[in-house]
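Heads up, the thing below is written out as structure tokens.
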2 protein chains.
Amino acid sequence: MSNTIYDIARQAGVSIATVSRVFNESPNVSSKTRKKVQNVAKEMGYQPQGMAQGLARRKKNVIMAVVPLLSNYFFLQVLNGIQDAISETNFELHIYNVKSSEKPVDQLKRLLGRRWADGYLFVSIHLSDSEWKMISQFDQQMVLIDDAYSACNYFQVNNKQGARKATRYFLEHGFKRIALITAKEESIPAAKRRQGYIQTLTDWGLTPDESLIVSGDTQYRDGFNEENGYEAMQKLLEQTPNPEAVVCMSDIQAIGAISAMKEQNLSLPIIGYDDIQLAKYIGLSTMRQPMYKMGKEGTNVLLDQIGKDQPKVVQKEYIPDLILRSTSSQQN
Amino acid sequence: MSNTIYDIARQAGVSIATVSRVFNESPNVSSKTRKKVQNVAKEMGYQPQGMAQGLARRKKNVIMAVVPLLSNYFFLQVLNGIQDAISETNFELHIYNVKSSEKPVDQLKRLLGRRWADGYLFVSIHLSDSEWKMISQFDQQMVLIDDAYSACNYFQVNNKQGARKATRYFLEHGFKRIALITAKEESIPAAKRRQGYIQTLTDWGLTPDESLIVSGDTQYRDGFNEENGYEAMQKLLEQTPNPEAVVCMSDIQAIGAISAMKEQNLSLPIIGYDDIQLAKYIGLSTMRQPMYKMGKEGTNVLLDQIGKDQPKVVQKEYIPDLILRSTSSQQN
DNA sequence: TTGAAAGCGCTAACAT
DNA sequence: ATGTTAGCGCTTTCAA
């Protein structure tokens, strides 16, 4: 069960070139030999070894999705889109995740050098422009999802606008003391959403109150986790007066926050972020990000560009939609 | 930025063997040449190509997790454990997912033949004994997580016992008309849990009522999805009298089910299954599966066995724990 | 339609 | 300590 092209060739009484030809669907094989080879191969459970093929062809037929941490609902949706796009092709999808213990850019450099794949999807990998520049120098095909760099393909959603929309909604409904449950300070999307929130308040003639911008202390997944939301809400509820409404940076934090409110028999209006699948079922109002769509479109672009030498770069920015359900109103 | 070991050798004025040596941390290199090579390599952004290494070494330093569909909270936790185990080694983790469009066993045969990895983790891949036998014939190192086969390493949790515990809890608290929200008929874990449920009722002297065993019509992820739970609960609530309590096959279905109850201002006692992270925050009572643990232990076993020729097989079965929170009591 | 043979980019004896 | 060379299992000319 551990045979090579030589074993098949010998067994079928042909040369290895012929075996190779039938596996590569070359037309230049008589249907008789083809049949024979196929039978032998099937019988012996033979498949060409991927690595040998990759080396010989200088093409691997794999695309690699690089993600920071798999344990995140956001990625799940993106990956769904990626998978659906890939499954229509004969490419394989391999997923690689960067560890938090080492600088992402260093990990990427090492990874790209190894040439595992024909193309790379970087999902929610946030690098500086100079870092992305380094990465582009490997000249591998790639597309960024949920980040942007001027010289690359990217699919991104406007974080500032997302936070603005949520904040504006509450302002328009008469709320003034609007809290923001944020994530890890260093998170780039978090920083942008925070800006959007602050600008919106300012535009409205209000002075942003730093004490209403909080995050929990639990920091894994950059703070985008249930416990973080729970802790953040506890901090908010210690303040008097309480905030009148709260904007979150993820649905998952909103769930934690709601749990903290329930413990105190409160239910302030709250808006999450992402629109993960279960948001609908708990009535969570939220900023919807087109996660599936980004994954699918990004993958299609990548697939399309593989093989071409000077593909034109495609860049797209989405604006998140405000999905109103029950948690955003006063009497939820 | 696309150079080979020859480029580095030439540039550093050494042979390719020496370059290979420094990258393989051979002691037989003078520290002077080592430095020189390292500098040149760094400057030229060189990394050995994974595929060429894999071919030459007959060892790839990658382990592959094979999963049926990534969009499932259960896997997320298992994958977390896998990742944590892997990150302590110099192995790479690649994730592969089998499509629903083709028989799993055929996909596995193709995959294993290609020899992408040194070892395989099959997560929630349910095959018959004869199918697993075929797969074992590839004699690759592997461990099954969430399935069992007598000749393989496996880490499994007892589905029957899980359902028994949940059902028994309700029986002991005086409930009789206990409903079961199940998943796709063909799902093996679902079938086992169903058996556990039925046996428990029978043991208690009750006659199981088929009309209380329902599933929604939305079948993706084998029915383990929110919508399915929602639909199932709607069906249950059409019956008179309503059931007195309900056991679910996943937390995610329970969330859908609760949503359906809320719409009718009902809140029957309900128990989920899995104990996904957010269960705690919505107060969901559930059967806890040691997902992280299975992932981590399974990976460690695999890692440990790679390279050995006759490793002893390790098999482990867990019993899920009943985690009581608020949804399992009458006045939730 | 088929086969022989030269790579693909590495590793690992075997020499020196 | 370093270099030479024969593979690893394929693909792909080039000849026949």
Side-chain angles (χ1 to χ4, degrees), chain A residues 1-38 40-41 44-62 110 112-118 138 140 307, chain B residues 1-38 40-41 44-62 90 110 112-118 138 307:
Chain A
M1 218 57 174
S2 172
N3 21 36
T4 70
I5 199 170
Y6 287 93
D7 302 316
I8 307 304
R10 193 177 326 115
Q11 194 66 28
V14 298
S15 74
I16 60 164
T18 301
V19 178
S20 176
R21 284 193 190 97
V22 352
F23 272 91
N24 290 288
E25 285 160 21
S26 153
N28 304 320
V29 190
S30 76
S31 65
K32 215 179 93 189
T33 21
R34 179 184 304 280
K35 265 270 158 289
K36 188 168 50 182
V37 169
Q38 282 170 336
V40 173
M44 304 181 66
Y46 171 77
Q47 287 292 330
Q49 287 194 29
M51 305 232 163
Q53 278 189 322
L55 191 57
R57 284 190 183 142
R58 263 141 291 153
K59 161 102 149 84
K60 300 104 166 85
N61 269 26
V62 354
R110 198 149 11 91
L112 286 174
R114 310 215 75 207
R115 313 256 136 97
W116 282 120
D118 303 310
F138 281 87
Q140 302 277 318
Chain B
M1 218 55 176
S2 172
N3 21 35
T4 72
I5 199 170
Y6 288 93
D7 301 316
I8 307 304
R10 194 178 324 115
Q11 194 67 28
V14 297
S15 74
I16 62 162
T18 300
V19 177
S20 177
R21 284 193 190 95
V22 351
F23 272 92
N24 289 287
E25 284 160 23
S26 154
N28 304 319
V29 189
S30 77
S31 64
K32 217 178 94 190
T33 24
R34 179 183 304 280
K35 267 269 158 291
K36 188 168 52 183
V37 170
Q38 283 172 333
V40 172
M44 303 180 66
Y46 172 76
Q47 287 293 330
Q49 286 194 32
M51 305 235 162
Q53 277 190 323
L55 191 57
R57 284 189 184 141
R58 262 141 293 152
K59 162 104 150 83
K60 302 107 166 80
N61 270 23
V62 354
N90 65 339
R110 198 149 9 94
L112 286 174
R114 308 215 76 206
R115 313 255 135 96
W116 283 120
D118 303 309
F138 282 89

Just jot down the side chain to side chain donor-acceptor pair (under 3.5 Å) partners of K59(A), sequence neighbours excluded, or say none.
-> N61(A)
Tell me, please, which residues at least two apart from S15(B) pass side chain to side chain donor-acceptor pair (under 3.5 Å).
->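 With sequence neighbours excluded, S15(B) shows a side chain to side chain donor-acceptor pair (under 3.5 Å) to T18(B), given in chain and number order.
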Quick one, give me the B/S/- string for nucleotides 8-13 of chain C, reading 5' to 3', where B means a protein heavy atom under 4.0 Å from the base and S means that only happens at the primed atoms, P, OP1 or OP2.
-> BBBBBB
Do R57(B) side-chain atoms and L55(B) backbone N/O form a donor-acceptor pair below 3.5 Å?
-> no
Distance in angstrom units between [X] [atom1] and [N] [atom2], rounded:
X	N	atom1	atom2	answer
R115(B)	dC10(D)	CZ	C1'	13 Å
R10(B)	dG3(D)	CZ	P	14 Å
K59(B)	dG7(D)	NZ	P	24 Å

Within a strict 4.5 Å, meaning less than it, do heavy atoms of the Y6(A) and V19(A) side chains meet?
->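 No, too far: nothing below the 4.5 Å cut-off.
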T33(A) side chain near dT1(C) phosphate (N/O to OP1/OP2, under 4.0 Å) |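 Checking T33(A) against dT1(C): no side-chain N or O falls below 4.0 Å of OP1 or OP2.
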T18(A) vs dT1(C): side-chain N/O to OP1/OP2 distance below 4.0 Å =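 Answer is no, no contact under 4.0 Å.
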How far does CZ of F138(B) sit from CD of Q47(A), to the nearest 0.5 angstrom?
->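 Here the interatomic distance stands at 7.5 Å.
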Q140(A) and R115(A): side-chain contact (heavy atoms from CB on, under 4.5 Å), yes or no, with the steps?
-> CA-CA 9 Å; Q140(A) 302 277 318; R115(A) 313 256 136 97; 3.0 Å; yes
